[in-house]
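Each residue takes its place number in the sequence, starting with 1. Below, all heavy atoms of this structure are taken into account, side chains as well, without hydrogens, waters or symmetry copies. Numbering of ligands and ligand atoms starts at 1, following listing order.
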Amino acid sequence: MTNFLTLADLTSDEMHDILDLAINIKEAWQAGEETPYLKNKVLGMIFQKPSLRTRVSFDVAMLQLGGNALYLSPNEIQLGKRESVADVARVISRYVDIVMARVFGHYDLVELAEYASVPVINALSDYAHPCQGMADFMTILEKRGGFEGQTLAYLGDGNNVSTSLLFGAALLGMDFTIATPKGYELHPAVWDMGRSLAAETGAQLVATHDPIAAATNADVLYTDAWASMGQEEEAAKRRRIFPPYRIDESKLAPAKDDVIVMHCLPAHRGEEITNAVADGPHSALFDQAENRLHSEKAILVWCLDAA
Ligand code: CP
Ligand code: NVA
(Lines give C-alpha, C1' and ligand atoms only; values in the text may rest on other atoms or scores of the structure.)
(Ligands and ions follow the chains in the order given, each with its own letter.)
Protein backbone atom coordinates (compact mmCIF):
# COMPACT_ATOMS: atom_id res chain seq x y z
CA MET A 1 0.00 0.00 0.00
CA THR A 2 1.43 3.34 -1.03
CA ASN A 3 0.17 6.88 -0.62
CA PHE A 4 0.53 9.54 -3.33
CA LEU A 5 0.71 12.85 -1.49
CA THR A 6 3.54 14.73 -3.21
CA LEU A 7 5.91 13.93 -6.08
CA ALA A 8 8.76 14.62 -3.64
CA ASP A 9 7.91 11.30 -1.94
CA LEU A 10 8.81 9.41 -5.14
CA THR A 11 12.20 8.28 -6.34
CA SER A 12 13.24 9.13 -9.87
CA ASP A 13 12.75 5.46 -10.84
CA GLU A 14 9.23 5.41 -9.39
CA MET A 15 8.33 8.57 -11.31
CA HIS A 16 9.56 6.98 -14.55
CA ASP A 17 7.72 3.72 -13.73
CA ILE A 18 4.39 5.49 -13.21
CA LEU A 19 4.83 7.47 -16.44
CA ASP A 20 5.65 4.28 -18.39
CA LEU A 21 2.61 2.56 -16.89
CA ALA A 22 0.43 5.54 -17.84
CA ILE A 23 1.62 5.38 -21.45
CA ASN A 24 1.06 1.61 -21.59
CA ILE A 25 -2.44 1.88 -20.14
CA LYS A 26 -3.28 4.71 -22.55
CA GLU A 27 -2.07 2.69 -25.54
CA ALA A 28 -4.02 -0.38 -24.40
CA TRP A 29 -7.16 1.66 -23.96
CA GLN A 30 -6.74 3.32 -27.37
CA ALA A 31 -6.26 -0.13 -28.95
CA GLY A 32 -9.62 -1.14 -27.51
CA GLU A 33 -8.13 -3.57 -24.98
CA GLU A 34 -9.76 -4.03 -21.59
CA THR A 35 -7.66 -2.80 -18.64
CA PRO A 36 -9.39 -4.39 -15.61
CA TYR A 37 -6.53 -3.78 -13.16
CA LEU A 38 -8.93 -2.65 -10.40
CA LYS A 39 -11.88 -4.98 -10.92
CA ASN A 40 -14.47 -4.45 -8.16
CA LYS A 41 -12.26 -1.96 -6.31
CA VAL A 42 -13.89 1.24 -5.01
CA LEU A 43 -12.34 4.71 -4.82
CA GLY A 44 -13.73 7.25 -2.31
CA MET A 45 -13.35 10.82 -3.60
CA ILE A 46 -13.46 13.51 -0.89
CA PHE A 47 -13.77 17.08 -2.18
CA GLN A 48 -13.50 20.30 -0.15
CA LYS A 49 -13.26 22.38 -3.35
CA PRO A 50 -14.86 22.38 -6.83
CA SER A 51 -13.45 20.33 -9.73
CA LEU A 52 -14.11 19.32 -13.33
CA ARG A 53 -11.00 17.45 -14.48
CA THR A 54 -10.07 15.69 -11.25
CA ARG A 55 -13.58 14.60 -10.36
CA VAL A 56 -14.53 13.33 -13.82
CA SER A 57 -11.18 11.78 -14.78
CA PHE A 58 -10.85 9.79 -11.52
CA ASP A 59 -14.45 8.61 -11.83
CA VAL A 60 -13.96 7.49 -15.45
CA ALA A 61 -10.52 6.02 -14.64
CA MET A 62 -12.06 3.72 -12.03
CA LEU A 63 -14.86 2.67 -14.39
CA GLN A 64 -12.41 1.88 -17.19
CA LEU A 65 -10.21 -0.09 -14.75
CA GLY A 66 -13.19 -2.25 -13.80
CA GLY A 67 -13.97 -0.55 -10.48
CA ASN A 68 -16.19 2.20 -9.13
CA ALA A 69 -15.83 5.69 -7.66
CA LEU A 70 -17.93 7.47 -5.04
CA TYR A 71 -18.09 11.28 -5.20
CA LEU A 72 -18.35 12.88 -1.75
CA SER A 73 -19.09 16.60 -2.05
CA PRO A 74 -17.81 19.31 0.31
CA ASN A 75 -21.23 19.40 2.02
CA GLU A 76 -21.32 15.69 2.78
CA ILE A 77 -18.19 14.78 4.69
CA GLN A 78 -17.29 18.27 5.95
CA LEU A 79 -13.78 17.02 6.67
CA GLY A 80 -12.69 18.14 10.15
CA LYS A 81 -15.96 20.01 10.82
CA ARG A 82 -18.70 17.41 11.15
CA GLU A 83 -16.18 14.78 12.16
CA SER A 84 -12.44 14.73 12.84
CA VAL A 85 -10.11 13.97 9.94
CA ALA A 86 -8.80 10.93 11.82
CA ASP A 87 -12.30 9.47 12.29
CA VAL A 88 -13.19 10.10 8.63
CA ALA A 89 -10.03 8.21 7.68
CA ARG A 90 -10.79 5.30 10.00
CA VAL A 91 -14.41 4.99 8.84
CA ILE A 92 -13.95 5.41 5.09
CA SER A 93 -11.14 2.82 5.15
CA ARG A 94 -13.73 0.24 6.23
CA TYR A 95 -15.76 0.83 3.03
CA VAL A 96 -13.43 1.62 0.15
CA ASP A 97 -10.13 0.29 -1.24
CA ILE A 98 -8.47 3.64 -1.91
CA VAL A 99 -9.20 7.30 -1.12
CA MET A 100 -8.44 10.53 -2.91
CA ALA A 101 -9.01 13.94 -1.36
CA ARG A 102 -8.97 17.55 -2.52
CA VAL A 103 -8.40 19.72 0.53
CA PHE A 104 -7.45 23.22 1.61
CA GLY A 105 -4.73 22.45 4.16
CA HIS A 106 -2.17 19.84 3.11
CA TYR A 107 -1.91 18.72 6.73
CA ASP A 108 -5.46 17.30 6.46
CA LEU A 109 -4.17 14.93 3.78
CA VAL A 110 -1.20 13.91 5.87
CA GLU A 111 -3.58 13.18 8.74
CA LEU A 112 -5.96 11.26 6.46
CA ALA A 113 -3.05 9.13 5.26
CA GLU A 114 -1.83 8.59 8.81
CA TYR A 115 -5.16 7.22 10.05
CA ALA A 116 -6.42 5.50 6.88
CA SER A 117 -5.68 1.82 6.37
CA VAL A 118 -6.00 2.22 2.58
CA PRO A 119 -3.86 4.36 0.22
CA VAL A 120 -4.54 8.11 0.04
CA ILE A 121 -4.04 10.21 -3.11
CA ASN A 122 -3.62 14.00 -3.09
CA ALA A 123 -6.21 15.38 -5.53
CA LEU A 124 -4.90 18.94 -4.84
CA SER A 125 -4.00 20.69 -1.62
CA ASP A 126 -2.74 24.20 -0.93
CA TYR A 127 0.79 22.71 -1.04
CA ALA A 128 0.88 20.44 -4.10
CA HIS A 129 -1.04 18.99 -7.07
CA PRO A 130 0.91 15.81 -7.88
CA CYS A 131 -1.78 14.23 -10.10
CA GLN A 132 -1.59 17.31 -12.31
CA GLY A 133 2.18 17.09 -12.37
CA MET A 134 2.08 13.46 -13.46
CA ALA A 135 -0.29 14.27 -16.36
CA ASP A 136 1.93 17.20 -17.33
CA PHE A 137 5.15 15.19 -17.47
CA MET A 138 3.34 12.44 -19.38
CA THR A 139 2.29 15.08 -21.92
CA ILE A 140 5.85 16.44 -22.15
CA LEU A 141 7.18 12.90 -22.66
CA GLU A 142 4.71 12.29 -25.48
CA LYS A 143 5.32 15.61 -27.20
CA ARG A 144 9.08 15.97 -26.72
CA GLY A 145 10.28 12.41 -26.27
CA GLY A 146 12.15 13.00 -23.00
CA PHE A 147 13.18 15.49 -20.35
CA GLU A 148 16.94 15.92 -20.19
CA GLY A 149 18.41 18.98 -21.85
CA GLN A 150 15.00 20.66 -21.96
CA THR A 151 13.64 23.58 -19.96
CA LEU A 152 10.19 24.03 -18.47
CA ALA A 153 9.53 27.72 -17.77
CA TYR A 154 6.65 28.49 -15.43
CA LEU A 155 5.33 32.07 -15.31
CA GLY A 156 3.04 33.22 -12.51
CA ASP A 157 2.25 32.28 -8.95
CA GLY A 158 4.48 30.14 -6.76
CA ASN A 159 1.67 27.73 -5.86
CA ASN A 160 0.62 24.07 -5.58
CA VAL A 161 0.94 23.41 -9.32
CA SER A 162 4.37 25.02 -9.67
CA THR A 163 5.56 23.13 -6.58
CA SER A 164 4.65 19.81 -8.20
CA LEU A 165 6.26 20.86 -11.48
CA LEU A 166 9.48 21.75 -9.66
CA PHE A 167 9.57 18.38 -7.85
CA GLY A 168 8.76 16.45 -11.05
CA ALA A 169 11.35 18.28 -13.12
CA ALA A 170 13.96 17.71 -10.40
CA LEU A 171 13.20 13.96 -10.35
CA LEU A 172 13.24 13.65 -14.15
CA GLY A 173 16.35 15.73 -14.82
CA MET A 174 14.47 18.50 -16.67
CA ASP A 175 15.63 22.08 -16.16
CA PHE A 176 13.01 24.27 -14.46
CA THR A 177 12.76 28.05 -14.30
CA ILE A 178 10.03 29.87 -12.43
CA ALA A 179 9.32 33.59 -12.88
CA THR A 180 7.07 35.09 -10.22
CA PRO A 181 6.34 38.61 -9.03
CA LYS A 182 8.18 39.60 -5.86
CA GLY A 183 6.33 38.22 -2.85
CA TYR A 184 4.83 35.28 -4.79
CA GLU A 185 7.88 32.99 -4.90
CA LEU A 186 7.83 29.30 -4.02
CA HIS A 187 8.51 28.65 -0.33
CA PRO A 188 12.19 28.18 0.62
CA ALA A 189 11.38 24.68 1.96
CA VAL A 190 10.11 23.74 -1.53
CA TRP A 191 13.42 24.90 -2.98
CA ASP A 192 15.38 22.88 -0.41
CA MET A 193 13.39 19.76 -1.26
CA GLY A 194 13.63 20.39 -5.02
CA ARG A 195 17.40 20.95 -4.86
CA SER A 196 17.94 17.76 -2.91
CA LEU A 197 15.96 15.81 -5.55
CA ALA A 198 17.83 17.55 -8.38
CA ALA A 199 21.21 16.69 -6.86
CA GLU A 200 20.78 13.17 -8.24
CA THR A 201 19.55 14.05 -11.74
CA GLY A 202 21.46 17.27 -12.41
CA ALA A 203 18.30 19.27 -13.18
CA GLN A 204 18.95 23.02 -13.06
CA LEU A 205 16.36 24.86 -10.93
CA VAL A 206 16.19 28.63 -11.33
CA ALA A 207 14.04 31.39 -9.75
CA THR A 208 13.67 34.82 -11.31
CA HIS A 209 11.31 37.80 -11.37
CA ASP A 210 11.93 38.37 -15.10
CA PRO A 211 9.30 36.59 -17.25
CA ILE A 212 11.07 37.27 -20.56
CA ALA A 213 14.37 35.88 -19.25
CA ALA A 214 12.48 32.77 -18.08
CA ALA A 215 10.70 32.31 -21.42
CA THR A 216 13.90 32.66 -23.46
CA ASN A 217 14.77 29.31 -25.12
CA ALA A 218 12.08 27.50 -23.13
CA ASP A 219 10.88 24.14 -24.51
CA VAL A 220 7.72 24.29 -22.41
CA LEU A 221 5.90 27.42 -21.20
CA TYR A 222 3.49 26.83 -18.32
CA THR A 223 1.09 29.03 -16.38
CA ASP A 224 -1.76 28.68 -13.87
CA ALA A 225 -4.40 30.92 -12.29
CA TRP A 226 -3.02 33.98 -10.56
CA ALA A 227 -5.35 33.36 -7.58
CA SER A 228 -5.92 29.75 -6.54
CA MET A 229 -9.07 28.30 -4.96
CA GLY A 230 -9.29 29.79 -1.48
CA GLN A 231 -7.53 33.03 -2.51
CA GLU A 232 -10.58 34.68 -4.10
CA GLU A 233 -10.32 37.77 -1.90
CA GLU A 234 -6.82 38.43 -3.29
CA ALA A 235 -7.87 38.09 -6.94
CA ALA A 236 -8.34 41.82 -7.62
CA LYS A 237 -4.93 42.72 -6.14
CA ARG A 238 -3.26 39.91 -8.07
CA ARG A 239 -4.86 41.11 -11.33
CA ARG A 240 -2.93 44.35 -10.88
CA ILE A 241 0.41 42.65 -10.10
CA PHE A 242 0.58 39.64 -12.43
CA PRO A 243 -0.04 40.91 -16.03
CA PRO A 244 3.71 40.95 -16.95
CA TYR A 245 3.66 37.16 -16.39
CA ARG A 246 0.76 36.50 -18.81
CA ILE A 247 1.57 33.98 -21.56
CA ASP A 248 1.03 35.94 -24.76
CA GLU A 249 2.95 36.53 -27.98
CA SER A 250 5.71 38.40 -26.11
CA LYS A 251 6.57 35.18 -24.19
CA LEU A 252 6.24 32.86 -27.21
CA ALA A 253 8.64 34.95 -29.31
CA PRO A 254 11.84 34.32 -27.25
CA ALA A 255 10.95 30.66 -26.55
CA LYS A 256 11.99 27.75 -28.81
CA ASP A 257 10.21 27.71 -32.18
CA ASP A 258 8.45 24.45 -31.30
CA VAL A 259 7.65 25.43 -27.68
CA ILE A 260 4.61 23.79 -26.16
CA VAL A 261 2.30 25.84 -23.95
CA MET A 262 0.69 24.25 -20.92
CA HIS A 263 -1.91 25.20 -18.31
CA CYS A 264 -3.50 22.90 -15.74
CA LEU A 265 -6.92 24.55 -16.30
CA PRO A 266 -9.33 26.05 -15.44
CA ALA A 267 -7.93 29.00 -17.44
CA HIS A 268 -8.84 32.61 -16.86
CA ARG A 269 -8.57 33.61 -20.47
CA GLY A 270 -7.26 37.13 -20.91
CA GLU A 271 -5.54 37.00 -17.51
CA GLU A 272 -2.70 34.45 -17.25
CA ILE A 273 -3.06 33.30 -20.88
CA THR A 274 -4.48 34.90 -24.01
CA ASN A 275 -7.10 33.22 -26.20
CA ALA A 276 -4.67 33.33 -29.13
CA VAL A 277 -2.10 31.26 -27.22
CA ALA A 278 -4.57 28.93 -25.48
CA ASP A 279 -6.17 28.07 -28.82
CA GLY A 280 -3.03 28.44 -30.94
CA PRO A 281 -0.73 25.88 -32.57
CA HIS A 282 1.61 25.58 -29.55
CA SER A 283 -1.15 24.79 -27.07
CA ALA A 284 -1.12 21.42 -25.28
CA LEU A 285 -3.88 22.41 -22.83
CA PHE A 286 -6.43 19.78 -23.79
CA ASP A 287 -3.89 16.98 -24.24
CA GLN A 288 -2.84 17.65 -20.65
CA ALA A 289 -6.46 17.51 -19.55
CA GLU A 290 -6.93 14.18 -21.38
CA ASN A 291 -3.77 12.76 -19.83
CA ARG A 292 -5.19 13.32 -16.35
CA LEU A 293 -7.35 10.25 -17.12
CA HIS A 294 -4.51 8.01 -18.27
CA SER A 295 -1.96 9.07 -15.65
CA GLU A 296 -4.48 8.75 -12.81
CA LYS A 297 -5.14 5.17 -13.86
CA ALA A 298 -1.41 4.54 -13.46
CA ILE A 299 -1.35 6.27 -10.05
CA LEU A 300 -4.31 4.19 -8.82
CA VAL A 301 -2.78 0.93 -10.06
CA TRP A 302 0.62 1.86 -8.59
CA CYS A 303 -0.84 2.78 -5.16
CA LEU A 304 -2.69 -0.55 -5.02
CA ASP A 305 0.28 -2.48 -6.41
CA ALA A 306 -2.09 -3.95 -9.01
CA ALA A 307 0.01 -3.77 -12.20
N1 CP B 1 -6.56 20.94 -13.22
C2 CP B 1 -7.48 20.53 -12.31
O3 CP B 1 -7.17 19.93 -11.28
O4 CP B 1 -8.76 20.85 -12.67
P5 CP B 1 -10.05 20.71 -11.73
O6 CP B 1 -9.90 21.73 -10.63
O7 CP B 1 -11.21 21.00 -12.62
O8 CP B 1 -10.09 19.33 -11.17
N1 NVA C 1 -3.57 26.52 -8.45
C2 NVA C 1 -4.94 26.19 -8.78
C3 NVA C 1 -5.02 24.91 -9.54
C4 NVA C 1 -6.39 24.50 -9.96
C5 NVA C 1 -6.43 23.16 -10.63
C6 NVA C 1 -5.78 26.13 -7.51
O7 NVA C 1 -5.29 25.59 -6.51
O8 NVA C 1 -6.90 26.62 -7.53
Side-chain angles (χ1 to χ4, degrees), residues 4-7 22 43-62 69 71-74 99-109 121-140 152 154-168 178-181 184-187 190 220 222-239 241-242 245-247 261-269 271-273 278 283-297 299-300:
F4 188 83
L5 300 186
T6 155
L7 296 184
L43 167 72
M45 307 195 293
I46 301 174
F47 280 89
Q48 288 187 326
K49 298 174 180 173
S51 171
L52 167 60
R53 280 143 291 272
T54 307
R55 185 246 194 274
V56 178
S57 58
F58 265 103
D59 201 332
V60 174
M62 283 305 291
Y71 172 69
L72 301 157
S73 76
V99 172
M100 63 88 117
R102 167 166 286 194
V103 301
F104 286 96
H106 186 75
Y107 186 72
D108 282 348
L109 267 173
I121 295 173
N122 179 357
L124 181 148
S125 67
D126 57 358
Y127 172 61
H129 197 2
C131 294
Q132 182 67 51
M134 205 49 97
D136 297 337
F137 288 105
M138 178 183 178
T139 308
I140 293 169
L152 192 170
Y154 176 100
L155 311 186
D157 189 25
N159 63 9
N160 45 9
V161 168
S162 41
T163 293
S164 290
L165 293 172
L166 181 147
F167 291 158
I178 179 167
T180 67
Y184 296 89
E185 300 88 356
L186 286 171
H187 194 279
V190 168
V220 180
Y222 200 118
T223 192
D224 181 15
W226 292 338
S228 285
M229 291 180 276
Q231 297 175 327
E232 288 76 12
E233 74 290 349
E234 289 181 41
K237 179 180 170 203
R238 286 169 178 247
R239 274 197 288 273
I241 294 170
F242 277 77
Y245 299 84
R246 172 180 300 131
I247 298 193
V261 175
M262 302 181 80
H263 189 311
C264 58
L265 302 177
H268 305 78
R269 288 163 173 262
E271 292 187 17
E272 72 272 5
I273 191 164
S283 172
L285 272 53
F286 301 101
D287 299 315
Q288 280 175 269
E290 178 188 334
N291 279 338
R292 292 293 303 273
L293 171 66
H294 309 297
S295 55
E296 281 158 10
K297 286 182 187 172
I299 294 165
L300 288 159

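- Put simply, no part of Arg55 is less than 4.0 Å from ligand 1, judged by heavy atoms.
- Checking Thr223 against Glu272 by side-chain atom types alone, no donor-acceptor pair falls below 3.5 Å.
- Those atoms of ligand 1 that come under 4.0 Å of a heavy atom in Thr54, given as number and element, are 2 (C), 3 (O), 5 (P), 8 (O).
- With a 4.5 Å cut-off on side-chain heavy atoms, Asp224 and Asn160 count as touching.
- Side-chain contact between Lys237 and Trp226: absent, with no pair of heavy atoms (C-beta onward) separated by less than 4.5 Å.
- Considering backbone and side-chain N/O atoms, Cys264 comes within less than 3.5 Å of an N/O atom of ligand 1.
- Residue, atom and distance of the protein heavy atom nearest to atom 2 (C) of ligand 1 are Arg292 NH1, 3.3 Å.
- No side-chain heavy atom of Ile247 sits under 4.5 Å from any side-chain heavy atom of His263.
- Contact annotation: the side chain of Phe47 approaches that of Pro74 to within less than 4.5 Å [non-hydrogen atoms, C-beta and beyond].
- For the 3.5 Å distance criterion, the side chains of Asp136 and Thr139 fail to qualify, holding no donor opposite an acceptor.
- When hydrogens are left out, the protein atom nearest atom 4 (O) of ligand 1 is Arg53 NE, 2.8 Å; that is the closest non-hydrogen contact.
- Tyr222 places a side-chain heavy atom less than 4.5 Å from the side chain of Gln288.
- Between Tyr184 and the options Phe242, Tyr245, Tyr154, a ring-ring contact (aromatic ring centres under 6.0 Å, His included) holds for only Phe242.
- Taking a heavy-atom cut-off of under 4.0 Å, ligand 2 is surrounded by Leu124, Asn159, Asn160, Val161, Asp224, Ser228, Met229, Leu265.
- Side chains of Thr54 and Cys131 form no contact here, defined as non-hydrogen atoms less than 4.5 Å apart.
- Of the candidates Lys49, Gln288, His129, the one placing a heavy atom closest to atom 3 (O) of ligand 1 is His129.
- At a heavy-atom distance under 4.0 Å, only backbone atoms of Leu265 (N, CA, C or O) approach ligand 1.
- Summary of contacts: the protein heavy atom closest to atom 6 (O) of ligand 1 is Arg102 NH1, 2.7 Å.
- Using a 4.5 Å cut-off on side-chain heavy atoms (C-beta onward), Arg102 and Pro50 make no contact.
- The shortest N or O to N or O distance between Leu52 and ligand 1 is below 3.5 Å.
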